[in-house]
Every structure is written in structure tokens, then in C-alpha cells.
Amino acid sequence: MHAVITLGLALGTLLLLVLFSIQTRKFKRAVNQLPSRPRQQSSAQPNHPLIGRNIGELFPFPEHLQNRAGLVFFTSPICPTCHKKIEDYIIHHKHRGIPFATITKYSLEHPEMLESFLEKYQDEITILPTDELYLKHTLNQTRTPLLCVVNAQGVIVYIDHVLNNLISFYERLQKQAAAVGRGIS
């Protein structure tokens, strides 16, 4: 009797393994027939109207950004996403020593918002306060945040909404420039 039970258990286990194997194959075939995952769209903006604009001529860049490539963020004190991007930069990238500044638009009607922004970040980053009307009239720039790489002449060469992409682009340009023995131009 014991041998019959053992044989029954062995056959049952074998049957379960065969059924499991068949189901696994069916599942793999079904998965292989699914459409491939779409590639993530790039967040870079090669056709942005500010690409090629020389903002170095319009804004008094700080010494650490003059005649050097770097990062420039267009920000606003009332933009929560701007605060997040700045904090991400401070926490994850400031230690890299990449030349960096924000052009922070403000309203002349609400200077207290700029004051609060300056109090929060001025010890961490370079902030270039700029009247929002000046930004609108000179660059037609009203949206924030806008993250840019500028070359040594202050010309915007790359725009992206993803900070890590911006940093990667800047570092690739720096490596290419180092390979030919000059700065990003």
C-alpha cells in the first residue's frame, strides 16, 4: 500500500511539473507577442526658441560663470518645481563644482516673495534676480523652471527639464572639450 501511495505522489508531481511547464511556455509566448515597450521620449528641447540666444550679454553673470560653460536655471520664487530642482541640484550635484546660477524672475508688485527665496537659497547658489517684465521683453521667457547649459560665451546650447540629463550633457561637452584642449564653445 505504501508503494502505491508513493507511486501516486510521484505521478501527481510529474503531472504538475508537465502542466506547469506547458503553462510557462504559453505565458512566455504571450509575453513575446506583446508590443515592445515604447522608448522614453527625450526631455531635451533642441527646437526651443532660446537655443542659440546669448544670455551672457543680457545678464551680469557672476565671475565663476564668466567665460566658462555652466548651468543656468530660469526660476521663480512662487514655482514649487523650481524649488525642487534647486534642492535636487544642491543635494546631488553642487559638490561637482559645475558653474551654476539661477536667473530668478520676480514681480515688482511682490518683492517679499523674492526676499524669501533669497533668504532660503542665497548661501547655496548664485541668484540673479530679474524683473519678470525684462525677461518677457528680452527673451520672451515666462515659463519656469527652464534648465539650460550655456557655453563659455553665454550662449544657450542645451535645454532640458530633467536635471540629470542636463548634468550628463554638460559633462559630455566638458569631456569632448578636454579631449581637444579647449572649453565648451
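Not measured: the values here are computed from a predicted model. All values below were derived from every heavy atom in this structure, side-chain atoms included, with hydrogens, water molecules and symmetry-related copies excluded.
Residues forming a salt bridge (charged side-chain N to carboxylate O under 4.0 Å, His left out) with E57 (at least two apart in sequence, or on another chain): none. Applying the side chain to side chain donor-acceptor pair (under 3.5 Å) criterion to K136, with sequence neighbours excluded, gives no partner residue. When the side chain to side chain donor-acceptor pair (under 3.5 Å) test is applied to R96, the partners found at least two apart in sequence or on another chain are E171.
For the pair I55/L139, a side-chain contact is recorded, criterion being any heavy-atom separation below 4.5 Å from C-beta on. Residues L118 and L114 have side chains in contact (heavy-atom distance under 4.5 Å, counting atoms from C-beta outward). Here the side chains of L147 and D160 are not in contact, with every heavy-atom distance at 4.5 Å or above. Annotation: side chain of L58 is in contact with side chain of Y134 (closest heavy-atom distance under 4.5 Å). In this structure the side chain of T126 never reaches within 4.5 angstrom of the side chain of F100, judged on heavy atoms.
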Distance-only check: which donor-acceptor pairs under 3.5 Å involve side-chain atoms of residues 71-93, not counting sequence neighbours?
residue: T75; atom: OG1; partner: T104; partner atom: OG1; Å: 2.7
residue: S76; atom: OG; partner: I78; partner atom: N; Å: 3.3
residue: H83; atom: ND1; partner: Y121; partner atom: OH; Å: 3.0
residue: H83; atom: NE2; partner: P77; partner atom: O; Å: 2.9
residue: K84; atom: NZ; partner: D88; partner atom: OD1; Å: 3.4
residue: K84; atom: NZ; partner: D88; partner atom: OD2; Å: 3.2
residue: K85; atom: NZ; partner: H161; partner atom: O; Å: 2.5
residue: E87; atom: OE2; partner: K120; partner atom: NZ; Å: 3.2
residue: E87; atom: OE2; partner: Y121; partner atom: OH; Å: 2.7
residue: Y89; atom: OH; partner: I98; partner atom: O; Å: 3.2
residue: H93; atom: NE2; partner: N164; partner atom: OD1; Å: 3.0

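Listed by first and then second residue, the salt bridge (Lys or Arg N to Asp or Glu O under 4.0 Å) pairs that reach into residues 143-157 come to none, sequence neighbours excluded. The ring pair (Phe, Tyr, Trp, His ring centres under 6.0 Å) analysis of residues 136-156, with sequence neighbours excluded, yields no pairs.
Cluster annotation: I125 is connected to L163 through the hydrophobic network of ILVMFWY side chains, with a link wherever side-chain heavy atoms come within less than 4.5 Å.
For the pair K105 (side chain) and P129 (backbone), a donor-acceptor distance under 3.5 Å is absent. In this structure a side-chain-to-backbone donor-acceptor pair under 3.5 Å is present from T130 to L128. Under the 3.5 Å distance criterion, the side-chain polar atoms of S116 are left unmatched by any main-chain donor or acceptor of E112. Q141 places no side-chain N or O within 3.5 Å of a backbone atom of L135 that could act as its donor or acceptor partner. A donor-acceptor contact shorter than 3.5 Å links the side chain of H48 to the backbone of L50.
Note that the OH atom of Y170 and the NZ atom of K175 stand 12.0 Å from one another [nearest 0.5 Å]. In this structure, H110 NE2 and Y106 OH are separated by 13.5 Å, a value rounded to the nearest 0.5 Å. For the atom pair CD (Q153) and CZ (R68), the distance works out to 13.5 Å, reported to the nearest 0.5 Å. A distance of 10.5 Å separates CG in N47 from CD1 in I159, rounded to the nearest 0.5 Å.
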(request) Start with the C-alpha gap between V162 and L166, add the side-chain angles, then the distance that decides, and say whether side chain to side chain contact (heavy atoms under 4.5 Å, CB included) holds. (result) CA-CA 6 Å; V162 178; L166 196 76; over 6 Å; no

